[in-house]
Amino acid sequence: MTTTRRRVGLRTTSTPDLFLLFTCLPFFVIIIAADQIYNPTDVYSISCGSSNNFTFDGRNWTSDINTKLLLETQNKTTSSSSSVAVNALIPTIIQGPYTSARVSYSQFTYSFPVATPGQKFIRLFFNPTSYQNFDPTKAYFSVKSGDYTLLKDFNASLYADADDDQASDTFFREYSVYVQDGDHTLNLSFIPSTPINATTYYAFINGIEVVSMPPYLYHTNPNDDDNKALRLLGSTTPYRLENNSALETKYRFNVGDRIISPSGDTGMLRSWVVDEDYKTSPGEVASEFGEITKLNFSLIPNYTAPDLVYRTLRHMMRENTTVNWSFNLTWELPVDSGFTYMLRLHFCELDPVIQIPGDRVFYIYIQDQMADDHADVLMWTNGQRGVPIVKDYAVIVPSDNQKNANISLKMHPSPRTGYVDAVLNGLELFKINDSYGNLAGPNPDPPPKAPSGKPEVFSSKNNTPTAAVAGAVSGAVLLSKHKSEGSSQLPTNLCRHFSIEEIRTATNNFDELFVIGAGGFGNVYKGYIDDGATPVAIKRLKPGSQQGVNEFLNEIEMLSQLRHLHLVSLIGYCCERNEMILVYDFMTRGTLRDHLYNTSDNPSLSWKQRLEICIGAARGLHYLHTGAKHMIIHRDVKSTNILLDERWVAKVSDFGLSRVGPTGTTATHVSTLVKGSVGYLDPEYYKRQRLTEKSDVYSFGVVLLEVLCGRAPLLRNVEKEQVSLVDWARRCYDAGSLGKIVDPKLKREISSECLKKFGDLAMSCLRDDGTQRPSMNDVVGVLEFVLQLQENSSIGGGSSEVFSSSSISDGGHAWDNNSKNSGVNMTTTTTITSTESSRETQWLMSENVFSEIGNPKGR
């Protein structure tokens, strides 16, 4: 994923320019005067170029004119040997250290005496506006501190122009550098870039802040063992962040809540801003919990973050008391490529609902890699609530010849949880210097110029002309984006392109009376094309939505190249006027689930019909795995994605999550983020993010149990042992009493031998080890044999034992209060065990909560 949304360091939030905000928007900001938890040994707040000292935001800003901090070096090119103090020429409401600047065509250096060695925060404040006789477009310079390059050929105007969401161009950058033992000064040099084409560049700075910090606040204590080092994603080797590493602060969030000003920090004058602009998934904000009056800082020092960071959080969406699943809590953080980053996550469990370890467990993914598969705050704090803790990770963002990349953070509840949720209190992200001591990234690209002959649109900030950009995503933009990502354009030779007018005619202008289904993608309509002669199913992405775009493109590419009796046929698509629409053959009988347990209006399917439907669906999946040019893994096999036509022929549908399988002679799997539907997910896949065709086999095994039992994979309001259909079926199978779970509607239909072989097949599909599961070709063969057994049973003239509802053990069906069941033992030939405890699924609902398309709350 690429973005151009933010590229200005600590100004890269909706409200990081604290000086402007505190002056202009005081009602949006809570300024908290923190107790002095940490007393820094060195504190400098310098207003560069100012003739006066002043107090602002609880800090005493000192003019640099009357200090001995400034050193200057002659510029051999211009023969200039002095910097100048200047004020901004444009009247402004901005206060603080941004109203004046130190400007020079020559190198100049500030030298700060320090009382003690150790890590020091350096903050550089910039206001790239017009100053007397200085063109802001010529301000290209570098900033160095000792062996570290903080900025290189830096142009503050380009960064200000790149962030047009701000009312002001002011911003600041924050760094951490180490002053060695024996050194008594910290030097900051501002070096104009080398002139090009006789152009003279200059350097400027508005404000500087130097603040010491506690030892090993972010770095690794050399006396600590590797258990306290950072975890390097993708490696088993601990990552020790030594003192000789410099850092640049990229993001510091008080997640989900208010800004914490520098005066509200724990003594180090850090700014904590909100995460709203970087959150890409729904999530609720929880405020302070009154039950805990004082936090217990027994695991981390109390200066690690302000109390308010730990008293507020973002968690997953809820409506009243009903928990709605959101696939992830997700943040996307734009960064410079080619660097290693340190990510610090802050947690503190305060919710009185969470009582014991295991109540709230979630996964942490960073860069789509599993960082923690059992994140449990109460477990980390030995069951104590109100105890803050941090988790640190190192992330390598390789250079890919692009200026910008993204670090993604995703959190998703684990099946091991008792409470469907994931939480985060705070986040900090730091860039680590490279092997050359460099922290500098490239400047943003200049703003686009207006095309010739087109009117210019002027920025309200600095009257810099920029090109007008349409806000809506049109079909043309979508196609262009799709092509630029390396995929072919949408096909017109293999499927039909519909105009939006044709689609509106087919659906009576999207009349709600035509709606036959709904999902995360949007509504599904029954429509008529070809002058009303052909009924079709029309799936419409929610207009203007950015969700589902990849699935839309994926489904077109997949289905336009696949043709099989047991795959739903894509007729065509519409992609224009901000609409993305798919048109399929209309499946008269609806979904398989509709005929199992989803509605009482449909007559029950006979056992023979169920077997024939399973055989058809298995043949469709077998074709995907072996019949196409490349193996295709469906990734969302479930009873709602098996459709039935008027002749009850099964057709596999919904290819939005499908992936091409492993390619090459040595590849065994595809490493990818987990997607699919809870209740059907291959445990091997969601634990290791390794997708194979055997993941479809596992999901199909769950479908086989649905077909046999006539119930959903997961139910909440049943006895504990019956919550998970897979766990319950395994226990009954191992005990030789699989008949206990047979759908009562199938009374006197299933022969004992048929049930035995069907159960053997289902359990083999559900093995934890994917390599031990059968192929879909084997599944087809066994199902055909099961159907033959059924046809040869006593019902069809054979002599095999037949089950009836009165002969099934009285474990009963929790979902059918009228059934009277007693048991029949079976002799089994295979024993299947599971490493997954049934408690892991007792909280789950029967919805397809993972599905990217099938559930509007499944993201």
Side-chain angles (χ1 to χ4, degrees), residues 7-9 11 46 48-50 64 69-90 97-111 122-163 169-173 175 187-208 248 336 403 436-449 459 461-466:
R7 291 187 287 190
V8 194
R11 181 168 173 255
I46 305 299
C48 302
S50 173
D64 70 344
L69 301 177
L70 183 62
L71 308 175
E72 299 191 89
T73 304
Q74 181 171 329
N75 186 321
K76 296 180 180 179
T77 303
T78 63
S79 298
S80 172
S81 60
S82 63
S83 61
V84 295
V86 293
N87 294 323
L89 295 179
I90 301 176
Y98 293 118
T99 58
S100 62
R102 175 68 54 183
V103 184
S104 180
Y105 291 106
S106 307
Q107 176 178 326
F108 59 95
T109 299
Y110 286 88
S111 184
I122 298 173
R123 300 186 183 102
L124 307 177
F125 299 83
F126 299 101
N127 180 9
T129 187
S130 296
Y131 299 98
Q132 182 179 7
N133 299 323
F134 290 92
D135 181 353
T137 65
K138 304 297 175 59
Y140 283 89
F141 57 95
S142 299
V143 180
K144 293 187 177 183
S145 177
D147 296 330
Y148 304 106
T149 300
L150 310 184
L151 297 168
K152 184 174 177 61
D153 297 327
F154 170 77
N155 184 278
S157 294
L158 291 177
Y159 279 90
D161 291 339
D163 192 356
D169 287 340
T170 60
F171 63 94
F172 69 94
R173 292 289 189 87
Y175 304 88
N187 293 332
L188 277 175
S189 296
F190 296 80
I191 309 165
S193 297
T194 303
I196 301 175
N197 298 329
T199 298
T200 302
Y201 295 132
Y202 69 89
F204 81 96
I205 184 66
N206 297 90
I208 302 173
E248 178 186 357
D336 297 321
K403 288 187 175 182
Y436 300 98
N438 177 56
L439 279 166
N443 288 314
D445 293 327
K449 295 181 180 180
S459 166
K461 294 191 303 177
N462 53 15
N463 293 332
T464 301
T466 59

What's the spacing between [X] [atom1] and [Y] [atom2] if we round to 0.5 Å?
X	Y	atom1	atom2	result
Y148	E248	OH	CD	14.5 Å
K144	N438	NZ	CG	9.5 Å
R123	I46	CZ	CD1	13.5 Å
Y110	D64	OH	CG	3.5 Å

*asked:* Walk me through whether L124 and L188 qualify under side-chain contact (heavy atoms from CB on, under 4.5 Å).
replied: CA-CA 10 Å; L124 307 177; L188 277 175; 4.1 Å; yes
Quick check: closest heavy atoms across [X] and [Y], and the distance to 0.1 Å?
X	Y	result
N443	Y159	OD1-CE1, 3.2 Å
I208	F125	N-CD1, 4.0 Å
G441	D336	CA-OD2, 3.6 Å
Y140	D153	CD2-O, 3.6 Å
L150	S145	CD1-CB, 4.3 Å
F204	F190	O-CD2, 4.4 Å

*Scan side-chain atoms only and decide if N187 and T109 contain a donor-acceptor pair under the 3.5 Å cut-off.*
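No.
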*Classify the side-chain pair D135/T137 by whether it contains a donor and acceptor separated by less than 3.5 Å.*
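Indeed, the side chains of D135 and T137 share at least one donor-acceptor pair under 3.5 Å.
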_Taking side chain to side chain donor-acceptor pair (under 3.5 Å) as the definition, give me every residue that meets it alongside S50, ordered by chain and number, with sequence neighbours left out._
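For S50 there are no side chain to side chain donor-acceptor pair (under 3.5 Å) partners, ignoring immediate neighbours.
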*Counting distance only, does the side-chain N/O of S100 pair as donor-acceptor with the main-chain N or O of C48 below 3.5 Å?*
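Yes.
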*Could you give me the CA-CA distance, side-chain angles and deciding distance for L151 and F126, then say whether side-chain contact (heavy atoms from CB on, under 4.5 Å) is met?*
CA-CA 13 Å; L151 297 168; F126 299 101; 3.9 Å; yes
*Apply side-chain contact (heavy atoms from CB on, under 4.5 Å) to F108 and I205, showing your working.*
CA-CA 10 Å; F108 59 95; I205 184 66; 3.9 Å; yes
_Could you tell me if R173 sits above the aromatic ring of F154, with its cationic atom closer than 6.0 Å to the ring centre and no more than 45 degrees from the axis?_
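That pair does not qualify as a cation-pi contact.
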*Compute the ring centroids of F134 and Y202, then answer whether they are less than 6.0 Å apart.*
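Ring centroids of F134 and Y202 are less than 6.0 Å from each other.
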